[in-house]
Amino acid sequence: MVFFKPVSPQPNHREIEPRILRFWEEGRHFYRLIEKNQGNEKFRFLDGPITANGPMGVHHAWGRTYKDLFQRYKAMLGFDQRFQNGFDCQGLWVEVEVEKELGFKSKKDIEKFGIARFVEKCKERVMRFSRIQTRQSILIGQWMDWENSYYTMSEENNYSIWFFLKKCHERGLIYEGTDVMPWCARCGTAISDMEIATEGYRELTHPSVFLRFPVIGKEREYLLVWTTTPWTLTSNTAAAVHPELVYVRAKKDGDVYILAKELLRVLGAGAEVIEEFLGSRLAGLRYQGPFDELAPQAGVEHRVVLWKDVSASEGTGIVHIAPGCGKEDFLLGKEEGLAVIAPLNDDGTFKPEFGWLAEKYALDVTRVIFDDLEKKGLLYRVEDYTHRYPVCWRCGEELVFRLVDEWFIAMDPLREEIMASAQQVRWIPEFGLERELDWLRNMGDWCISKKRYWGLALPIFRCGCGWFDVVGSKEELQKRAVEGWERFEGHSPHRPWVDEVKIACERCGNTVPRIKDVGNPWLDAGIVPFSTTYYLTNRDYWRAWFPFDFITESFPGQFRNWFYAILAMSTVLEKCAPFRTVLGYATMKAEDGREMHKSWGNAIEVEEAVDKMGADTMRWVFARHNPTQNLLFGFKVGEEVKRKILTFWNVYSFFITYANIDGVNPVALKVKKEDLNRLDRWILSRLNSLVKLARERLDDYDAASVALAVETFVDDLSTWYVRRSRRRFWKSDNDQDKAGAYWTLWTALVTTVKLLAPFMPFISEEMYQNLVRSCDPDAPDSVHLCFYPEPDLEFIDEKLENEMKVVRGLVSLGHAAREKARIKVRQPLARMFVRLKPPLEQAVLEPYLDVIKDELNLREVFFSSGEPPRDCVTEEEDRLAVGLDTSITPELEAEGLVRELVRRIQTLRKSAGYDVADRIVLFCSGTPRVQKAIELFKDYLRQETLAVEIAFQPLKEADIESEVNVNREPVRLALRRVKPNG
RNA sequence: GGGCCCUUAGCUCAGGUGGUAGAGCACUGUGCUGAUAACGCAGGGGCCAGUGGUUCGAGUCCACUAGGGCCCA
């Protein structure tokens, strides 16, 4: 009886993976897994939300592999889990893409289109891509409760943030501040530090200008200053010098210039130093500003101030200060009480009061400013300057610095608490903690507002009288609403609907609208430890699932983003970290070591990877990689990994082939431990050592060590266990030795398949169905419903494993000696001498003699403490030496000849299309030498070729005939299949 | 300017607690031919970035230098 489905020589992922997906869908295995574990001890995983703003990339698949792997592992251990996936929905990134779809250029286009319609478009886009990402995730084998994914645009999420902000307000942490912020004119919004530092700089070349500020009260005497942002000169109110730096007055072409001595070279040749002095002497010096004729400059007194941050490494050592146009300038201006001029509208154009510059875009006026300075005689020199300049991380537009009113959460009072939370967490790798603490030490106040449309509606209501309050819930809003509730009711808490609601000022009684701003999107992602566990509406549920045991995300960026947001928000709400362990992984690059870019042709899409290499292969590439290192991903590494999988598949295929021939049902095998031979016990020891390691390493969230150990094990299984055990499967006796071999190989395969299930869910399911379900109807009907293997310590025998290592080393030397003597393994040899490495006793290796003799085709192996006989071919390594006796007797030669013959006949069997178990009649004729060899090894020949009869007369009706040379002897061969007759 | 990580064979990477360098790919030779559009074995190829230290002994621990990456200012 045949138990197993025949196996193709190679796994076809294109056929297997979709079939297994259908199998899971029809069998509802995922939901049955959840039900099976319900009520057990919990494993709490929190999914960091993926931005649902485009198709997923292969780098997402890396993270999803970890997420799926550890959740599957914990599920196989029986842990109760939520399996909730998350989508990040709100924010500028979505708006930018929708604007592109609609062909919009600026915020005006959005307002014209209508905020309500625009917001609906944003929602639609998110829904579209969340569906696409879900489909992609299923393709890579991720098991999640897809019907129950969370969306950060949900009411639960938005109102939870309201609650959080109210908590902050109760602690007095929320304030409106005026600050100079990096500003994207196209997007019309400030860009926060968090966003800018991640990917917000580009190497750019701009024209820079040296210009002169006339010193008041002096003829033809000037401060020489330098700037790379000419538009900011319109708002200059001061010039800064370093108090301890040496400055000079230098004469050039009849004019006198003041600048740092070290930078005198910018004046060019012919400058003559009149005087040297410290910068501090310049303090208070008054000068004429470059754009005093503009209305906003009226009444502004320009003077020199002292500033320690002035550098003498570039420019002139005198820094132009415009407190309305630069962050540092603004701080300095505050200290020095300087006038603040804010020149730009939110679209980056000059305000109307800037005369001839009005409505011109700040980054477009460089030329006209130079011309104007030239006309006024203030221009000294223009030169190109290359520097890292901030750009909008979403739309790529160059940023300007703009004085704005934004809302902040004060972080100083929270800094220590959040740091304490961060220290409660186990960071993998460990340096993660230092990174996070470094960020926490240096972080500024959290700018939470954005002057945009699609996002969290900040629940801040501010009255013209200066009073403001934060509303903490929908219910509170309804209770306090004095206007517009009916127009809002029934809508999601988004713009424009929520803007209809107005409350009363508690100070002056006026009707107060919500501020127009939406929230920073990291608030959305930061609240999910609470919103997804119903913190506000179901405390019992929250208590059961909070804090989370595990999160895993890509390190770069997340220290200041998601890790930061969830730590900060959880610290405010519960004074603790919301997760216990975080596994971080590095950055994915293309195979050529460069970043993946569609335009460079080195980007790989998820679908393409799944189609070409298979989801399992891709997952294995990820799982075996050291997560702290950048991963170079591509089809080359895919091919390498595929071959490792193929080795395992070949062992599986080998087992199935012979188990079917023998009609073996492994479950019914009665095998006692005494039936197992040394190789069986060896591979079972290796197997159980592997299981033990897998458990230990996975419990420590270390998938790579397990994957690499599995690869080593599979190599041992294939190239040593199976190779040395083949004959036991081929032979015709169905004895206990054979049963032991089948049982051992089956056990090794099934256990490994279960070990691999979290790593490669498809192929392990495929193999499990055939290896286990085919012969054991009582077994769970999916490998993912099985219990994860437990090591049987009884089988672990370190001594045996070490001895086998020596044996394999010895065999390796034997092969090397044969190689050196150029005698193929097929030719039997009489003897090999072995000199062991001193502490090793010959008795220890005695039991392995058969294995060694078989592998090297030797009659005898002799151990000795001395050197091997002189006429031997020797090989030595690490004080272990072998000597091969290469003399070939006629009898040995005859045996070699028959072996060669066997090989030829096997090839013929194959070409004739025989099944491996078909019996044959064999015709064989040749020289007397051949005839004699056959006579001598007749039994061997029959056994190996499954010949029921060896004929020396030509066959009638031969299936295949051939004339060959065997060891230079001509031989005629013919085969005929024997019809099975019951 | 400060902090963190990395630097091992031509390429991609392994190398707990310090004890005479490993794998896969590629290359060369070769074997097997009942796992065969596979597989095995063998070989060449590394002063483990450099320099100092600790140690009987350092790829491994410490310091510094150089190159690469990330973060902060």
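Proteins come first, then strands; the chains are lettered A, B, ... in the order of their sequence lines, and each starts at number 1.
- At a threshold of 4.0 angstrom between heavy atoms, the contacts of A:Q629 are confined to the sugar-phosphate backbone, with no base atom among them.
- Partners of A:Y721 under the ring pair (Phe, Tyr, Trp, His ring centres under 6.0 Å) rule, at least two apart in sequence or in another chain, do not exist in this structure.
- Among the nucleotides B:G24, B:A37, B:G69, the one closest to any side-chain atom of A:Q10 is B:A37.
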Return the polar atom pairs (N/O with N/O) between nucleotides 66-68 of chain B and the protein under 3.5 Å, or none.
none

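- Partners of A:H242 according to the side-chain hydrogen bond (donor to acceptor under 3.5 Å, both in side chains) rule, which considers only residues two or more places apart in sequence or in another chain, do not exist here.
- Side-chain proximity of A:S718 to the nucleotides B:C39, B:A35, B:G69 is greatest for B:A35.
- Looking at every heavy atom in both residues, A:F555 comes nearest to A:P429 through CE2-CD, 3.3 Å.
- Listed in residue order, the members of residues 699-715 of chain A having a heavy atom less than 4.0 Å from RNA chain B are A:L708.
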How does RNA chain B look in dot-bracket form if you count Watson-Crick and G-U pairs under 3.5 Å, write [ ] for pairs that cross, and put | where a base pairs with another strand? (((((((..((((.....[..)))).(((((.......))))).....(((((..]....)))))))))))).
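- As judged by a 4.0 angstrom heavy-atom cut-off over every strand, A:V651 is placed among the base-contacting residues.
- The cationic group of A:K612 lies under 6.0 Å from the six-membered ring centre of A:F635 and within 45° of the ring axis, placing it in a cation-pi geometry.
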Please write out each protein N/O paired with an N/O of nucleotides 1-4 of chain B under 3.5 Å, distance rounded to 0.1 Å.
| residue | atom | partner | partner atom | Å |
| --- | --- | --- | --- | --- |
| B:C4 | O2 | A:R435 | NH2 | 3.2 |

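- Of the listed nucleotides (B:C39, B:G69, B:C41), B:C39 has the atom at the smallest distance from the side chain of A:N650.
- For A:S705, the side-chain hydrogen bond (donor to acceptor under 3.5 Å, both in side chains) criterion is met by A:D702, not counting sequence neighbours.
- Under the ring pair (Phe, Tyr, Trp, His ring centres under 6.0 Å) criterion, A:F3 pairs with no residue, sequence neighbours left out.
- Only the P atoms considered, B:C4 is 24 Å distant from B:U54, to the nearest whole Å.
- Under the side chain to side chain donor-acceptor pair (under 3.5 Å) criterion, the residue pairs touching residues 622-631 of chain A are A:R624-A:E711, A:N626-A:T628, with sequence neighbours excluded.
- Among the nucleotides B:C11, B:A35, B:G69, the one closest to the side chain of A:K636 is B:C11.
- When heavy atoms are screened at a 4.0 angstrom cut-off, A:R904 is found touching no nucleic acid atom at all.
- Whole-Å rounding puts the A:F654 CZ to B:U33 C1' distance at 14 Å.
- Qualifying ring pair (Phe, Tyr, Trp, His ring centres under 6.0 Å) partners for A:F759, counting only residues two or more places apart in sequence or in other chains: A:W620.
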Heteroatom pairs (N/O) under 3.5 angstrom, protein to nucleotides 26-29 of chain B:
| residue | atom | partner | partner atom | Å |
| --- | --- | --- | --- | --- |
| B:G29 | N2 | A:E819 | OE2 | 3.4 |

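- Partners of A:W307 by ring pair (Phe, Tyr, Trp, His ring centres under 6.0 Å), not counting sequence neighbours: none found.
- In this pair, A:F655 and A:Y742 present their aromatic rings perpendicular. The plane angle is above 60°, beyond the 30 to 60° band.
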